[in-house]
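Accompanying notes for the structure given below.
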Amino acid sequence: MTAPATPTTWTPPRLGVNIDHVATLRQARRGVEPDPVWAAAAAELGGADGITVHLREDRRHIQDRDLRILRETVQVGLNLELAVEPTMLTIALQVRPDQVTLVPERREEVTTEGGLAVSPRREKVGEAVARLREAGIRVATFLDPDPSEIDASVEIGVDAIELHTGRYADAPEGQERDRELEILRAASARIASAGIGLHAGHGLNYRNVMGIAGIAGMAELNIGHAIVCRAVFVGLEKAVREMRGRIEAAR
Ligand code: PXP
């Protein structure tokens with residue numbers, strides 16, 4: 001087990017701001033505003049360490065044009081969430097984000113439900129990881145905190161694993177949430193001991209982020225919905241700054 005977070009060993013995880021829902025709002029009218037490219041700039045001004053977008057096969061929010069412009073304009077790391085499908089991999093290899101996070105994708109889902117199943121498709125996912133890494137792109141897989149899936153991802157050579165925090169976020173505060181946090185802590189220790197990057201995300205908000213940010217070795221959190229929701233009232237730059245404050249308070 002890794003040591004618990006202490007002021008001497010803990011450094012705040014990077015904050016990757018997911019701007020998909022700015023594009024969701026734009027797509028509600030199929031117009032030009034609000035522009036996720038502007039959102040990325042505002043998020044950077046607020047202290048984002050990275051910008052995350054999910055180019056879905058159905059293009060329900062982020063569009064190819066967004067990705068192209070973001071590649072040119074984003075000055076922090078650009079993390080592209082992507083399904084393991086040949087057409088999507090071709091796009092990633094053309095655009096060359098700094099990082100790709102491989103995610104499961106189902107057309108009927110409202111948002112990404114559950115982690116990627118790597119073990120049943122080890123060869124296909126492994127090939128995608130190898131192609132992306134050869135192109136100089138860091139690759140993460142988005143996983144439920146399941147030891148066998150973590151081991152399968154380590155075996156196929158990923159640079160990092162992003163743990164799905166949805167069950168933790170959905171659990172009522174108290175014993176149930178504590179149990180989910182313990183599961184995430186154990187999975188985090190397994191990932192850290194494999195010597196690869198430890199990321200987490202999904203459903204994190206201003207109230208529940210500290211438990212996850214405080215996990216020893218946590219290097220990156222990807223947060224979207226809660227930040228964009230707060231931005232409606234306080235502006236995106238301030239919403240990002242406030243989230244960074246919560247993460248740093250996990251110390
Ligand atoms: N990480 C991954 C892999 C995701 O698919 C998502 C949702 O797009 C997030 C993080 C961000 O989740 P949320 O919008 O709930 O913060």
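What you see is a predicted model, and the numbers here were worked out from it, not measured in a lab. Counting convention: from 1, in listed order, for ligands and their atoms alike. All values below come from the heavy atoms of this structure, side chains included, with hydrogens, waters and symmetry mates left out.
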Quiz item: Just by modelled atom types, is the Gln63 backbone N or O under 3.5 Å from a matching donor or acceptor in the Asp66 side chain?
Solution: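 Yes: the side chain of Asp66 pairs with the backbone of Gln63.
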
Using a 4.0 Å cutoff against the non-hydrogen atoms of [X], which atoms of ligand 1 qualify?
{"X": "Ile223", "answer": "16 (O)"}
{"X": "Gly203", "answer": "12 (O), 13 (P), 15 (O), 16 (O)"}
{"X": "His225", "answer": "13 (P), 14 (O), 16 (O)"}
{"X": "Asn18", "answer": "8 (O)"}

Quiz item: More than 12 heavy atoms of other residues, nucleotides or ligands under 6.0 Å from CD of Gln27: is that the case?
Solution: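 Counting neighbours around CD of Gln27, more than 12 heavy atoms of other residues, nucleotides or ligands fall under 6.0 Å, so yes.
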
Practice problem: Mark yes when over 12 heavy atoms from residues, nucleotides or ligands other than Arg207 sit less than 6.0 Å from its CZ; otherwise mark no. | Solution: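 For Arg207, atom CZ is not crowded (no more than 12 foreign heavy atoms under 6.0 Å).
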
Quiz item: How does Glu81 reach ligand 1, by side chain, by backbone, by both or by neither, if only non-hydrogen atoms under 4.0 Å count?
Solution: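 For Glu81, only side-chain atoms sit under 4.0 Å from ligand 1.
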
Exercise. Looking only at distances, please establish whether an N/O atom of ligand 1 is found under 3.5 Å from an N/O atom of Asn222.
Key: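 By distance alone, the answer is no.
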
N/O donor-acceptor pairs under 3.5 Å from side chains in residues 230-243, not counting sequence neighbours:
unit_1: Arg230; atom_1: NH1; unit_2: Glu242; atom_2: OE1; d: 2.6
unit_1: Glu237; atom_1: OE2; unit_2: Arg241; atom_2: NH2; d: 3.0
unit_1: Lys238; atom_1: NZ; unit_2: Glu242; atom_2: OE2; d: 3.1
unit_1: Arg241; atom_1: NH2; unit_2: Leu45; atom_2: O; d: 3.3

Quiz item: Tell me, which pairs form a side chain to side chain donor-acceptor pair (under 3.5 Å) where one or both residues lie in residues 34-47, sequence neighbours left out?
Solution: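 Listed by first then second residue: Asp35-Arg65.
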
Quiz prompt | Any Ala226 heavy atom less than 4.0 Å to ligand 1 | solution =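 No, Ala226 has no heavy atoms under 4.0 Å from ligand 1.
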
